[in-house]
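Note sheet for the following structure.
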Amino acid sequence: MARKHVVIIGNAGAARECYWLLREVMRQREDLTFRGFLSFEGYVGELRELAQAEMGTDDDYTIQSDDLLVIGIGSPALRAKVWTKWKQRGGTFMNLIHPACFMPETICMGEGNIITPACSFSCNVAVGSANYFNGGVVVGHDARIGDANYFGTRSMIAGNAVVGSRNSFGVGAVALEKVKIGNGNTIAPGAYIYKGCGDDRLMAGNPAIDLSGSR
């Protein structure tokens, strides 16, 4: 069995979370080993007890044929930037999925997604690439999700909802059934989206309203 070496791009809290998630995945995947962390474009992070595993900046790294990349960064904008940069360099991204997630066979998923414990996906869901589902996220039937989104703990995307790309959902945020959410939005913790929203909005409250003008 050909072994693959996982490289986590990122060197702060999200990167550490991805490392420990990877450790759980490797218990069931004998073909995987961990190669190390790369700082994204020289960012000074905080790897703490894992600092010895940092290999330098991603700009100085030469991709290996047996590398699998993980984006260990929470920010949607940065996740999108890492994804684009390293796909152009020929990188291959893995879907890092905790074994304790529910994912039926009907799900359609791209690359480079991170799915942490207790997430649940219903039938016929479509998920793009480079998304981060951070603990207990629920995605309903027939939902459509784009690329490089961040979903905070216990957020929910209801059935037939459509979510674009580079959105950030706070803890407990909810997109209700059949809503359409554009790109680059910030959905505040606990916000309930009833009617959807366009692009680059700050949505907060229940029902959520657009607070972009107050920023």
Check salt bridge (Lys or Arg N to Asp or Glu O under 4.0 Å) between Glu41 and all other residues, then give those that pass, not counting sequence neighbours.
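Expected list: Lys81, Lys85.
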Contacts of Arg23 that satisfy salt bridge (Lys or Arg N to Asp or Glu O under 4.0 Å) - sequence neighbours left out:
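Here no residue qualifies.
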Excluding sequence neighbours, so at least two apart, what forms side chain to side chain contact (heavy atoms under 4.5 Å, CB included) with [X]?
X: Asp210; answer: Arg201, Met203, Ser212
X: Arg35; answer: His5, Val7, Met55, Tyr61, Gln64, Asp66, Asp67
X: Ser129; answer: Trp83, Glu111, Asp147

Hey, are the side chains of Leu96 and Leu22 touching, using non-hydrogen atoms and a 4.5 Å cut-off?
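In short, these two side chains touch, coming nearer than 4.5 Å.
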Do Ile97 and Ile145 sit in the same hydrophobic cluster, where Ile, Leu, Val, Met, Phe, Trp and Tyr count as joined when their side-chain heavy atoms come under 4.5 Å apart?
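Yes, Ile97 connects to Ile145 through the hydrophobic network.
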Cluster question for you: counting only ILVMFWY and a side-chain heavy-atom cut-off of under 4.5 Å, with indirect links fine, are Met103 and Val70 together?
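Per the 4.5 Å side-chain linkage, Met103 and Val70 are not co-clustered.
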List the atom of Ala204, the atom of Leu211, and the distance in Å for their closest heavy-atom pair.
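It is CB-CD1, 3.7 Å.
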So, [X] side chain and [Y] main chain: donor-acceptor pair closer than 3.5 Å or not?
X: Arg144; Y: Asp142; result: yes
X: Thr116; Y: Gly135; result: yes
X: Asn149; Y: Gly164; result: yes

If you take the centroid of each ring, where Trp contributes its six-membered ring, are Phe121 and Phe133 closer together than 6.0 Å?
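For Phe133 and Phe121, the ring centres are under 6.0 Å apart.
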For Tyr132 and Glu17, test the side chains for any donor-to-acceptor distance below 3.5 angstrom and give the result as yes or no.
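Judged by distance alone, the side chains do pair up.
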Can you list the steps and then say if Tyr43 with Asn11 is a side chain to side chain donor-acceptor pair (under 3.5 Å)?
CA-CA 8 Å; Tyr43 178 80; Asn11 61 348; over 6 Å; no
With Phe34, which residues qualify under ring-ring contact (aromatic ring centres under 6.0 Å, His included), at least two apart?
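Phe34 satisfies ring-ring contact (aromatic ring centres under 6.0 Å, His included) with Tyr19, Phe37 only.
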